[in-house]
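Read the structure below first, then the notes.
All ligand and atom numbering here is 1-based and tracks the order in the structure.
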Amino acid sequence: MAAVVFIGAGPGDPELLTIKGKRVIDDADVIIYAGSLVNPAVLNSAKPSAEIHNSAYMNLDEVIDVMKKAVAEGKKVARVHTGDPSIYGAIREQIDRLDELGIDSEVIPGVSSFLGVAAVLKKEYTLPSKSQTVIITRMAGRTPVPPKEDLFELAKHNSTMVIFLSISFIGELADTLKKAGYRNNTPVAVVYKATWPDQRIVTGTLDDIAKKVKESKIEKTALTVVGDFLGDEYELSKLYDKHFTTGYRKGKE
Ligand code: SAH
């Protein structure tokens, strides 16, 4: 195990932490967790002696300093991010700083919130004849989005869309998708704190979702998912089609 281990803590439910991630947390001497989103319950089994830092109150220099000092003292560091760290996790800048310092690190993946959302909705993003593509994106906030990835441009594909970090712009989001060619009655789901005890789900269409979200007072920690995968029409898969031969099974005449 590397001196610093980045861990995806999953979307909220502590049982959605990987076994490997839990083992590293249980063994860590120093834990730095993203307190604005990580469920603190994922740290319940940490050693009583573990030093715990909430990175919501720290800047990048402060995070790196804690890691550097701990590693110099021979301590094991767990850096705990929400969902999977590869999605809006801001891990690259930490890994690069650690590399410059000659500190070895590794990453343990987690269940991203967009996967938690699909699970709580009991839906499949890649429904045959509806969409075979998932676009994961966000609207520009304090972090800009490259012009070619503007929501309007991406939405022209009419694929399944998963939109992070944009709940406060839900009205603009729905309007943009309609302008880009989604039908006004395309189904939309907004999921607040998927897999947490206070999870909430708001469903609607591009026409009424903004109003419903405003009424529900959901203002943060929510994902918006859009597309006909939320509807009830689709074709059955080829994979389990009884007439279809696969590498593992012969189709019936
Ligand atoms: N790395 C994380 C995302 C971090 S960005 C992941 O893989 O999920 C933070 C954004 O993720 C939030 O603003 C929200 O849009 C989304 N998010 C994180 N946890 C969530 C949850 N449990 N339910 C719904 N959205 C969530």
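Taking every heavy atom of Trp196 and a limit of under 4.0 angstrom, the matching atoms of ligand 1 come to 22 (N). When each atom of ligand 1 is checked for a heavy atom of Leu37 under 4.0 Å away, the hits are 9 (C). Every atom of ligand 1 with a heavy atom of Val191 under 4.0 Å away is listed here by number and element: 24 (C). When each atom of ligand 1 is checked for a heavy atom of Gly83 under 4.0 Å away, the hits are 6 (C), 7 (O), 8 (O). Within the listing of ligand 1, atoms 22 (N) sit less than 4.0 angstrom from a heavy atom of Pro11.
Shortest contact from atom 13 (O) of ligand 1 to any protein heavy atom: Leu165 CD2, 3.4 Å. The protein atom (non-hydrogen) at minimum distance from atom 5 (S) of ligand 1 is Tyr88 CB, 3.7 Å. Among all non-hydrogen protein atoms, the one lying nearest atom 21 (C) of ligand 1 is Ala194 N, 3.5 Å. In terms of protein heavy-atom proximity, atom 7 (O) of ligand 1 is closest to Ser112 OG, 2.7 Å. Of the protein's heavy atoms, Ser113 CB, 3.5 Å lies nearest to atom 19 (N) of ligand 1. Here the protein heavy atom with the shortest distance to atom 1 (N) of ligand 1 is Ile87 O, 2.6 Å. Among protein heavy atoms, the minimum distance from atom 2 (C) of ligand 1 is reached at Thr82 O, 3.4 Å. Of the protein's non-hydrogen atoms, Phe164 CD2, 3.3 Å is the one closest to atom 11 (O) of ligand 1.
A heavy-atom distance below 4.5 Å is not found between the side chains of Tyr234 and Phe229. Residues Glu153 and Asp150 form a side-chain contact, since some pair of their non-hydrogen atoms from C-beta on lies under 4.5 Å apart. Here the side chains of Val107 and Ile95 are in contact, with some heavy-atom distance below 4.5 Å.
With sequence neighbours left out, Asp198 forms a side chain to side chain donor-acceptor pair (under 3.5 Å) with Lys193.
In this structure, His81 falls outside the shell of residues with a heavy atom less than 4.0 angstrom from ligand 1. Residue-ligand proximity: Ala222 is placed with a non-hydrogen atom under 4.0 Å from ligand 1.
Not a single N or O atom of Gly89, backbone or side chain, sits closer than 3.5 Å to an N or O atom of ligand 1.
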Side-chain donor/acceptor pairs under 3.5 Å, residues 4-24, sequence neighbours excluded:
| from | atom 1 | to | atom 2 | distance (Å) |
| --- | --- | --- | --- | --- |
| Asp13 | OD1 | Glu15 | N | 2.8 |
| Thr18 | OG1 | Gly21 | N | 2.9 |
| Lys22 | NZ | Asp26 | OD2 | 2.7 |
| Lys22 | NZ | Ser45 | OG | 3.1 |

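Ring-plane geometry between Phe164 and Tyr88 is classed as tilted, the angle between the planes lying from 30 to 60 degrees on a 0 to 90 degree scale.
Across Arg79, Glu62, His81, Gln94, a single residue satisfies side-chain hydrogen bond (donor to acceptor under 3.5 Å, both in side chains) together with Ser55, and that is Arg79.
For Thr205 and Asp207, the side-chain atoms include no donor-acceptor pair closer than 3.5 Å.
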